[in-house]
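Questions regarding the structure given below will be posed in turn.
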Amino acid sequence: QVQLAESGGGSVQSGGSLRLSCVASEYTFRHRPLCIGWFRQGPGKEREGIAAIDRDGQTKYVADVKGRFTLAQDTGKQTVYLQMNSLKPEDTAMYYCAAATGSWCYDWTGTSMFKYWGQGTQVTVSS
């Protein structure tokens with residue numbers, strides 16, 4: 001069992017920045033997450049994977065956010081951060097973090113490998 005809590009969302013103007021946090025808790029050392037993914041779901045759109053980080057700190061990004069978004073983790077605080085710069089109106093979405101305990105980030109862009117999900121945090125970017 002892993003519990004996830006996102007925070008840091010808000011409203012910004014185009015070109016602005018936000019830092020999202022994902023705190024993982026309630027897991028045993030044996031079942032600590034191997035992969036943490038960030039997903040977003042815009043109005044009328046499907047949930048899409050945008051970035052992931054594995055337990056060793058290796059990061060992956062989709063082309064749309066690469067160079068603008070950066071992942072980092074603080075293992076002591078059990079927290080993964082998503083720094084989002086140069087935000088665009090099309091980045092407007094609900095952002096979710098998700099955890100996988102049985103697999104590394106091999107198929108991270110899909111939702112199926114992630115068993116645990118947070119409640120999401122809203123990001124709104126105005127033009």
Within this structure, what is the OG1-CE distance for the pair Thr70 and Met84, rounded to the nearest 0.5 Å?
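Reported value, rounded in 0.5 Å steps: 11.0 Å.
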
Please name the pair of heavy atoms, one in Ser14 and one in Ser127, separated by the smallest distance, quoted to 0.1 Å.
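So the two residues come closest at CB-CA, 4.2 Å.
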
Is it possible for you to say whether Val62 and Tyr81 belong to one hydrophobic cluster, with membership spreading through side-chain heavy-atom contacts below 4.5 Å?
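They do not share one cluster, since no chain of ILVMFWY contacts under 4.5 Å joins Val62 to Tyr81.
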
Does Glu90 have any side-chain hydrogen bond (donor to acceptor under 3.5 Å, both in side chains) partners at least two apart in sequence or in another chain, and if so, which?
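Per chain and number, Glu90 pairs via side-chain hydrogen bond (donor to acceptor under 3.5 Å, both in side chains) with no residue.
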
Return the minimal non-hydrogen interatomic distance between Val125 and Thr92, and the atom names on each side.
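Minimum heavy-atom separation between Val125 and Thr92: N-OG1, 2.9 Å.
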
To check you understand the geometry: which heavy-atom pair defines the closest contact between Leu18 and Leu87, and what is its length?
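Answer, listing the atom of Leu18 first, then Leu87: N-CD1, 3.9 Å.
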
Shared hydrophobic cluster for Trp117 and Ile36 (ILVMFWY, side-chain gaps under 4.5 Å):
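Yes, one cluster joins them.
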
What pairs of residues pass the ring pair (Phe, Tyr, Trp, His ring centres under 6.0 Å) test when at least one of them lies in residues 88-114, not counting sequence neighbours?
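Every ring pair (Phe, Tyr, Trp, His ring centres under 6.0 Å) pair that includes a residue of residues 88-114, provided the two are not neighbours, is Phe39-Phe114.
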
Only pairs at least two apart or in different chains count here, so list each salt bridge (Lys or Arg N to Asp or Glu O under 4.0 Å) that has a residue in residues 98-109.
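Those involving residues 98-109 do not exist here.
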
Same cluster or not: Leu20 versus Val12, using hydrophobic residues (I, L, V, M, F, W, Y) connected whenever any side-chain heavy atoms lie under 4.5 Å apart?
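Yes.
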
Rounded to the nearest 0.5 Å, how far does CE of Met94 lie from OG1 of Thr121?
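Between atom OG1 of Thr121 and atom CE of Met94 there are 7.5 Å.
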
Restricting to pairs with a member in residues 54-67, which pass side chain to side chain donor-acceptor pair (under 3.5 Å), not counting sequence neighbours?
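Passing the test, one end in residues 54-67: Arg40-Asp64.
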
Applying disulfide bond (SG atoms under 2.5 Å apart) as the test, list every pair that has at least one member in residues 71-127; sequence neighbours left out.
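Qualifying pairs, neighbours excluded: Cys22-Cys97, Cys35-Cys105.
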
Contacts of Ser17 that satisfy side-chain hydrogen bond (donor to acceptor under 3.5 Å, both in side chains) - sequence neighbours left out
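Only Asn85 meet the side-chain hydrogen bond (donor to acceptor under 3.5 Å, both in side chains) criterion with Ser17.
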
Please collect all salt bridge (Lys or Arg N to Asp or Glu O under 4.0 Å) contacts where either partner lies in residues 68-80, sequence neighbours excluded, each pair once.
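Qualifying pairs, neighbours excluded: Arg68-Asp91.
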
What heavy-atom pair brings Gln119 and Glu6 nearest, and what distance separates the two atoms?
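The pair with the smallest heavy-atom distance is N-OE1, 3.0 Å.
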
Exercise: identify the closest heavy-atom pair between Val2 and Ala99:
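Where Val2 meets Ala99 most closely, the heavy atoms are CG1-CB, 4.3 Å.
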
Applying side-chain hydrogen bond (donor to acceptor under 3.5 Å, both in side chains), name anything that partners Gln73, two or more places apart in sequence or on another chain.
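Counting only residues at least two positions away or on another chain, Gln73 forms no side-chain hydrogen bond (donor to acceptor under 3.5 Å, both in side chains).
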
Do Thr79 side-chain atoms and Val23 backbone N/O form a donor-acceptor pair below 3.5 Å?
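Answer holds: no.
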
